[in-house]
Each structure stands twice: as C-alpha cells, then as structure tokens.
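This structure is a prediction, so every number in the text was calculated from the model and none was measured.
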Amino acid sequence: MAGGIFYGRRTAEGPRHGDNIAEAFSSWDSGRETWLFVSPHDDDVVIGAGITLQAALAEGVAAHVVITTDGRMGYCRLPQRRTITRIRADESREAYRTLGLPLEQLEFLGFPDCNLNPYRGRHFTTIGDPTEMEGASGLQNAFPYIIRRLRPTRVFLPTPTDLHPDHRIVYEEALISLFHAQGNIWPELGPPIAQVPRVYEYATYCDFLAPPQIRIAAPPEFLDRKLGAIRAFSSQEQIEVLVEVQRRTGPVEYIREVEFNFYSPEKYADLF
C-alpha cells in the first residue's frame with residue numbers, strides 16, 4: 001500500500017474506498033503483478049493513465065509501456081517535418097522518465113502514425129523492415145510477441161469509443177492478440193501465455209462506453225509529474241491546452257475494467 005494513494009471501486013453492494021490497491025483491482029497477485037499499458041501514440045498513456053502508471057510503480061508493480069506509432073504526423077512546424085519521429089521519441093523518453101518509468105520498460109513498435117489500417121492482422125515482411133518481428137509484421141504480430149514476452153497480469157488499452165481511428169484499431173487488434181497469445185500458433189513469437197490478463201480501458205479524449213468501476217486519487221505531486229510529462233511533448237504546440245484540462249481535473253483518474261471472456265457454451269446452460 002503506497003502512502004497517499006486512495007482507490008475506489010464500484011461494486012454490486014455499493015462503492016468501496018481505501019488505500020489497498022487489491023480492493024480496487026480484482027485477483028491481486030502481490031509481488032507478481034505485471035501491467036502493460038498500450039499507447040496508440042506516444043502521449044496517450046501519459047494523458048489518460050499517467051496517475052495510474054505512477055500508482056502502479058509506487059505499489060511495486062512491474063509496469064511496461066508500449067508505444068504503437070512513430071509520431072510522424074506530430075503537430076510540428078515545417079522545419080521539424082523530417083526529424084519529427086526522432087523528436088517525438090526523445091520527448092517520449094523524457095515524459096516517461098518524468099513519471100518514473102525505467103526506460104528499459106518503454107518500447108516503440110514504430111508503426112506509421114495515422115496509417116494503421118494496412119497493419120491490421122499479421123503478414124510476412126522483409127527482414128529489417130522497421131515493424132518486423134521474427135520475420136513478420138502487423139499489429140497481430142507485434143502485440144502477441146509483446147504479450148508472450150512480458151506475460152502481463154493486466155493490460156490497459158485506450159477506449160474503443162475514441163474518435164481517433166488509431167485508438168480504435170489498437171484496441172481491436174490488442175484484444176484479438178490476447179486470443180492469439182494464449183494459443184499454440186506462431187511459436188516463433190514465444191511460448192503461449194498460461195492465463196489471459198485482465199483488460200482495462202483508460203480514457204484520453206473520448207468518454208467510456210460504460211461508466212468506469214475504478215477511481216485512483218493520488219497526492220498533488222503525482223499531478224505535478226503528470227503535467228511535467230505532458231509538457232515534455234513540446235513539439236505539439238497545443239500542449240498547454242492539455243495541461244490546463246488535466247490541471248482542472250486534479251490528481252484523479254478513472255479506469256474501466258472490461259469483461260473479456262472467450263466463448264464458453266457451458267455458462268449459458270442454466271438459462272434453458
């Protein structure tokens with residue numbers, strides 16, 4: 001229990017509040033928790049789950065962040081156009097360093113920003129392609145590879161209601177990748193996971209599909225670090241607007257747990 005962090009959880013019996021993270025996150029496995037935050041763009045997890053990520057680190061969770069796209073469509077001035085991917089990568093490292101994430105737990109997949117449709121699924125590609133892993137490319141190649149390697153207990157994804165198509169594609173491809181990761185296909189991507197991780201959504205720009213069940217309230221310094229991390233993306237000229245929105249919100253975030261189960265006919269037997 002990290003000092004100063006309070007958790008809320010809506011239940012059938014009513015809301016529960018306290019400083020024990022295990023009361024908010026079901027089936028807590030102390031000492032073995034590994035969380036994977038999947039970010040469509042470099043700043044999405046910072047904006048939507050920057051407090052949650054800090055809380056995880058404070059609670060001793062092995063937290064990892066995967067940035068899906070390369071930032072090439074970043075809001076920048078014309079002289080930065082040819083170097084924006086490098087600029088955004090440097091900004092990302094500074095942002096997550098500010099949040100306390102060890103940089104060896106930050107990974108860039110390098111898929112083209114705002115052009116993810118051609119990378120749905122999995123396909124073989126030229127060795128050395130920027131998105132190649134074990135001879136193949138595609139989001140359903142990269143995500144199972146990451147999931148099998150890290151074997152997370154919980155995965156955090158952007159809301160599927162977000163208007164940005166990259167967010168929706170990442171959400172859908174990550175979910176089907178959980179199915180692939182637990183199967184025996186594509187052994188070159190690593191051994192299958194024994195248990196599918198719990199799935200959660202964080203909101204960056206658009207609201208949740210249904211009300212979230214989890215509230216994380218942290219001390220003011222957590223918000224200070226989050227705002228500093230957002231400001232690290234200084235090449236985005238509208239950054240102060242995002243900072244002001246988050247400042248008004250305060251050191252609070254909401255997370256929605258997703259009921260993600262593979263089809264099992266047996267659970268419907270008692271209905272008939």
Would you say the side-chain atoms of [X] pair up with the backbone N or O of [Y], donor to acceptor, closer than 3.5 Å?
{"X": "Y145", "Y": "Q140", "answer": "no"}
{"X": "D166", "Y": "C114", "answer": "yes"}
{"X": "T131", "Y": "G110", "answer": "no"}
{"X": "E94", "Y": "E91", "answer": "no"}

Problem - Side-chain donor-acceptor pair present, T126, E132, cut-off under 3.5 Å - result: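 No, because no side-chain N or O of T126 sits under 3.5 Å from a partner of the opposite role on E132.
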Handout entry: Between E33 and T153, a side-chain donor and acceptor under 3.5 Å
Key =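 Yes, because at least one side-chain N or O of E33 sits under 3.5 Å from a partner of the opposite role on T153.
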Exercise for the section: Could you go through the side-chain contact (heavy atoms from CB on, under 4.5 Å) check for R97 and L103 one step at a time? Expected result: CA-CA 7 Å; R97 185 185 295 114; L103 291 189; 3.1 Å; yes
Is there a path of hydrophobic side-chain contacts, each under 4.5 Å between heavy atoms of I, L, V, M, F, W or Y residues, that connects [X] with [Y]?
{"X": "Y7", "Y": "V252", "value": "no"}
{"X": "L106", "Y": "I51", "value": "yes"}
{"X": "L189", "Y": "L150", "value": "yes"}
{"X": "I214", "Y": "F6", "value": "no"}
{"X": "I176", "Y": "L139", "value": "no"}

Taking [X] first and then [Y], would you say they form a salt bridge - that is, a charged N and a carboxylate O separated by under 4.0 Å?
{"X": "E240", "Y": "R247", "answer": "no"}
{"X": "R215", "Y": "E253", "answer": "no"}
{"X": "R122", "Y": "E188", "answer": "yes"}

Handout entry: D113 and R72: CA distance, side-chain angles, deciding distance, salt bridge (Lys or Arg N to Asp or Glu O under 4.0 Å) verdict
Key = CA-CA 6 Å; D113 191 3; R72 69 177 65 183; over 6 Å; no
Handout entry: Worked check of ring-ring contact (aromatic ring centres under 6.0 Å, His included) between H180 and W186
Key = CA-CA 8 Å; H180 296 323; W186 309 330; 4.8 Å; yes
Exercise for the section: Applying salt bridge (charged side-chain N to carboxylate O under 4.0 Å, His left out) between E257 and each of R198, R10, R154, report the one that passes. Expected result: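 When salt bridge (charged side-chain N to carboxylate O under 4.0 Å, His left out) is applied between E257 and each of R198, R10, R154, only R198 qualifies.
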Look up atom [atom1] in [X] and atom [atom2] in [Y], then write down how far apart they are to the nearest 0.5 Å.
{"X": "T68", "Y": "F108", "atom1": "OG1", "atom2": "CZ", "value": "11.5 Å"}
{"X": "F124", "Y": "S137", "atom1": "CZ", "atom2": "OG", "value": "11.5 Å"}
{"X": "N141", "Y": "T125", "atom1": "CG", "atom2": "OG1", "value": "9.5 Å"}
{"X": "I67", "Y": "E107", "atom1": "CD1", "atom2": "CD", "value": "10.0 Å"}
{"X": "T249", "Y": "L223", "atom1": "OG1", "atom2": "CG", "value": "8.5 Å"}
{"X": "E173", "Y": "R168", "atom1": "CD", "atom2": "CZ", "value": "14.5 Å"}

Practice task
Taking all non-hydrogen atoms of both residues into account, name the closest pair between S235 and R88 and its distance.
Solution key: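 Looking at all heavy atoms of both residues, the shortest contact is OG-CD, 3.5 Å.
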Practice task
Kindly give the heavy-atom pair with the smallest separation between A62 and H64, and that separation in Å.
Solution key: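 Closest heavy-atom pair between A62 and H64: O-CD2, 3.6 Å.
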Practice task
Kindly determine whether K226 and Q54 satisfy side chain to side chain donor-acceptor pair (under 3.5 Å), including the steps that lead there.
Solution key: CA-CA 9 Å; K226 179 176 179 177; Q54 290 182 76; over 6 Å; no
Practice task
Check whether more than 12 heavy atoms from other residues, nucleotides or ligands sit under 6.0 Å from atom CD of Q195, and answer yes or no.
Solution key: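 It does not: Q195 CD has 12 such atoms or fewer within range.
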Practice task
Count the heavy atoms of every other residue, nucleotide or ligand shown that sit under 6.0 Å from CD of E104, and state whether that count exceeds 12.
Solution key: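 Buried by this count: over 12 neighbours within 6.0 Å.
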Exercise for the section: May I have the step-by-step check of side chain to side chain donor-acceptor pair (under 3.5 Å) for E201 and Y171, ending in yes or no? Expected result: CA-CA 9 Å; E201 296 169 4; Y171 183 87; 2.8 Å; yes
Practice task
Decide side-chain contact (heavy atoms from CB on, under 4.5 Å) for D44 and Y205; before the verdict, give the C-alpha distance in whole Å, the side-chain angles of both, and the deciding distance to 0.1 Å.
Solution key: CA-CA 9 Å; D44 292 323; Y205 299 114; 4.0 Å; yes
Practice task
Please test F37 against Y202 for ring-ring contact (aromatic ring centres under 6.0 Å, His included), starting from the C-alpha separation and ending with a verdict.
Solution key: CA-CA 9 Å; F37 293 82; Y202 62 87; 7.2 Å; no
Exercise for the section: Kindly indicate whether a cation-pi arrangement holds for R225 with F222, taking the cut-offs as under 6.0 Å to the six-membered ring centre and within 45° of the axis. Expected result: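 That pair qualifies as a cation-pi contact.
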Exercise for the section: Report the relative orientation of the aromatic rings in F156 and W35; use parallel for angles under 30°, tilted for 30 to 60°, perpendicular for over 60°. Expected result: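 It falls in the tilted class, 30° to 60°.
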